[in-house]
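First the proteins, then the strands, lettered A, B, ... as listed; each starts at 1.
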There are 2 protein chains.
Amino acid sequence: MQSFTEENYLKIIYHLSELTNTVQTNAIAEQIQTKPASVTDMIKKLADKGFVDYIKYQGVTLTERGRNAAINIVRKHRLWEVFLVDKLNFRWDEVHEVAEELEHIKSEALIERLDEFLGFPKSDPHGDPIPDKNGRFAKTQFIKLIDLKIGDGGTITGVSQHSSAFLKHLEKLGLTLGKQIQITDVTDFDGSVEILVENKQINISREVAKHILISTNGKN
Amino acid sequence: MQSFTEENYLKIIYHLSELTNTVQTNAIAEQIQTKPASVTDMIKKLADKGFVDYIKYQGVTLTERGRNAAINIVRKHRLWEVFLVDKLNFRWDEVHEVAEELEHIKSEALIERLDEFLGFPKSDPHGDPIPDKNGRFAKTQFIKLIDLKIGDGGTITGVSQHSSAFLKHLEKLGLTLGKQIQITDVTDFDGSVEILVENKQINISREVAKHILISTNGKN
DNA sequence: TAATTTTTTTAGATTTACCTAAAAATAAAA
DNA sequence: TTTTATTTTTAGGTAAATCTAAAAAAATTA
């Protein structure tokens with residue numbers, strides 16, 4: 001059984017592994033809000049316990065054991081987010097911080113019953129897939145909005161940034177999960193994107209477009 | 001804001017305060033499963049922070065501030081227990097350990113919304129009163145079953161032991177909250193008590209009788 | 001390839017919550 | 001009121017997770 005802190009490291013390493021194969025010390029330090037020296041210490045500990053493979057100066061990768069542990073934490077995090085939104089009427093931009101705490105509650109029975117209580121949801125309020133109790137989940141095929149071309153369209157099915165500030169901004173723009181969008185123009189000057197949502201033309205910054213995930217329903 | 005550990009100390013001191021006015025170091029050590037020397041350390045820290053009044057060798061009492069903090073933790077613990085039993089179908093003997101973890105989740109909004117979701121319950125699955133958001137709750141007038149005399153009767157409205165072993169035992173005997181009981185005999189030899197529940201005569205040990213709380217509906 | 005910059009690690013400290021062993025204070029018994 | 005027993009505190013230390021500052025390795029640039 002891992003400590004609260006170890007669990008956070010595993011979770012962060014797991015998320016960073018989706019971007020790069022081996023994960024760098026500095027990247028972890030930035031995510032976990034700590035110093036690289038502290039990360040090195042913890043990585044050694046996780047390596048000793050068999051959660052990560054680690055070669056000095058080369059970065060880390062999760063072992064099978066480490067990945068399973070990480071996926072379990074992600075599962076808990078996402079289930080709690082569904083609970084907060086579906087049952088306690090939290091908004092999607094309010095749930096992340098609370099779920100960061102709830103994900104560390106240890107009871108397995110609690111999570112299985114919570115899953116059942118929520119009706120075995122497949123995705124969380126931000127569109128991220130929820131692993132089942134065996135750690136399996138659909139590899140969702142997302143495209144970043146920024147990577148679409150003029151004329152391309154699709155459905156908003158996820159976000160890659162969970163901060164309250166970002167999500168509130170999306171809400172204000174009417175860009176919530178399930179909304180159909182289509183790219184109508186891309187501005188050369190600042191890379192901002194012109195999109196059509198519910199028959200309205202809006203302009204979003206490149207930065208925002210990077211963190212909106214689209215499932216395309218075929219181009220036109 | 002207090003640490004996980006500080007919260008546990010406050011909670012334990014609060015519960016022990018219901019028995020004796022000033023709480024002894026050894027009593028805390030026993031409850032918290034630690035050594036008296038460690039308790040002394042923590043007490044000093046809590047005193048520095050203004051949560052307890054402390055005189056060397058004399059024991060501690062909670063300050064107003066300490067009591068408020070403790071009651072808030074008790075409120076959270078009991079609300080989570082209701083959630084686990086009412087919504088996730090846990091049995092009353094399964095909830096204590098999980099609630100020991102959940103009680104430390106910090107979001108105030110979470111607790112207010114959970115309270116509302118549960119319909120503002122007044123008592124937890126063991127019959128203990130749930131403080132409202134201002135820390136107010138009904139001082140319940142319990143009598144220990146062991147203190148009743150032959151012929152006395154009443155309703156089981158609480159227990160003063162939350163261990164799974166004890167609660168399972170009560171369940172097996174049919175002694176659950178709300179059951180009407182009447183004392184029919186007390187054995188001199190071992191102090192065990194003969195009681196009438198649902199037209200059946202059963203015998204319970206002195207130890208068990210000590211931890212069952214009765215609200216009397218008048219003697220006969 | 002050499003020089004510079006960036007990344008990562010080591011070394012040595014700090015803080016929190018705990019420990020053991022011994023000393024001091026208080027309470028109980030003779 | 002001594003003596004004995006119990007309770008509590010002090011002193012000094014440990015482990016976990018962090019830190020700063022400096023050294024070492026790797027990557028980048030000139």
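- Remark: A:T5 is not in phosphate contact with D:dA16, judged by side-chain N or O atoms under 4.0 Å from OP1 or OP2.
- Using a 4.0 Å heavy-atom cutoff across all strands shown, B:F4 reaches no nucleic acid atom at all.
- Under a 3.5 Å cut-off, the side chain of B:T63 and the backbone N or O of B:G66 do form a donor-acceptor pair.
- Between the NZ atom of B:K35 and the C1' atom of C:dA22 there is a distance of 16 Å, given to the nearest Å.
- Going from atom CG of A:N26 over to atom C1' of C:dT5 covers 13 Å, rounded to whole Å.
- Residue B:T25 has no polar side-chain atom (N or O) positioned under 4.0 Å from OP1 or OP2 of D:dT7.
- Geometrically, A:K11 does not engage A:Y9 in a cation-pi contact defined by less than 6.0 Å to the ring centre and at most 45° from the axis.
- Nucleotide D:dC19 holds its P atom 10 Å from the CG atom of A:D41, rounded to whole Å.
- Atom CD of B:Q24 is separated from atom P of D:dT7 by 7 Å (rounded to the nearest Å).
- Base contact: A:T40 has a heavy atom under 4.0 Å from a base atom.
- A salt bridge links B:E94 to B:R91: one of the charged nitrogens lies within less than 4.0 Å of a carboxylate oxygen.
- A cation-pi arrangement is present between B:K87 and B:F117 under the rule of less than 6.0 angstrom and at most 45 degrees off the ring axis.
- Within the structure, every pair that satisfies the side chain to side chain donor-acceptor pair (under 3.5 Å) test and touches residues 65-82 of chain A, not counting sequence neighbours, is listed here: A:E64-A:R67, A:R75-A:E112, A:R75-A:D115, A:H77-A:E81, A:H77-A:H96, A:H77-A:E103, A:E81-A:H126.
- The distance between atom OH of B:Y54 and atom P of D:dT9, rounded to the nearest whole Å, is 3 Å.
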Give every donor-acceptor pair under 3.5 Å between a side-chain atom in residues 30-41 of chain A and any protein atom, sequence neighbours left out.
{"from": "A:T40", "atom 1": "OG1", "to": "A:P36", "atom 2": "O", "distance (Å)": "3.2"}

Atom pairs, protein N/O to nucleotides 23-27 of chain C N/O, distance under 3.5 Å:
none

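- Within 6.0 Å of the CG atom in A:N134, the count of heavy atoms belonging to other residues, nucleotides or ligands exceeds 12.
- Listed nucleotides: C:dT10, C:dC18, D:dT10. Nearest to the side chain of A:K44: C:dT10.
- When rounded to the nearest whole Å, the span between CD1 of A:I43 and P of C:dT8 equals 9 Å.
- Within the nucleic acid shown, B:T34 comes within 4.0 Å of sugar-phosphate atoms alone, with no base atom in reach, counting heavy atoms only.
- Atom C1' of nucleotide C:dT9 and atom CD1 of A:I28 are separated by 14 Å, given to the nearest angstrom.
- One atom, CD of B:E6, and another, C1' of C:dC18, lie 14 Å apart when rounded to the nearest Å.
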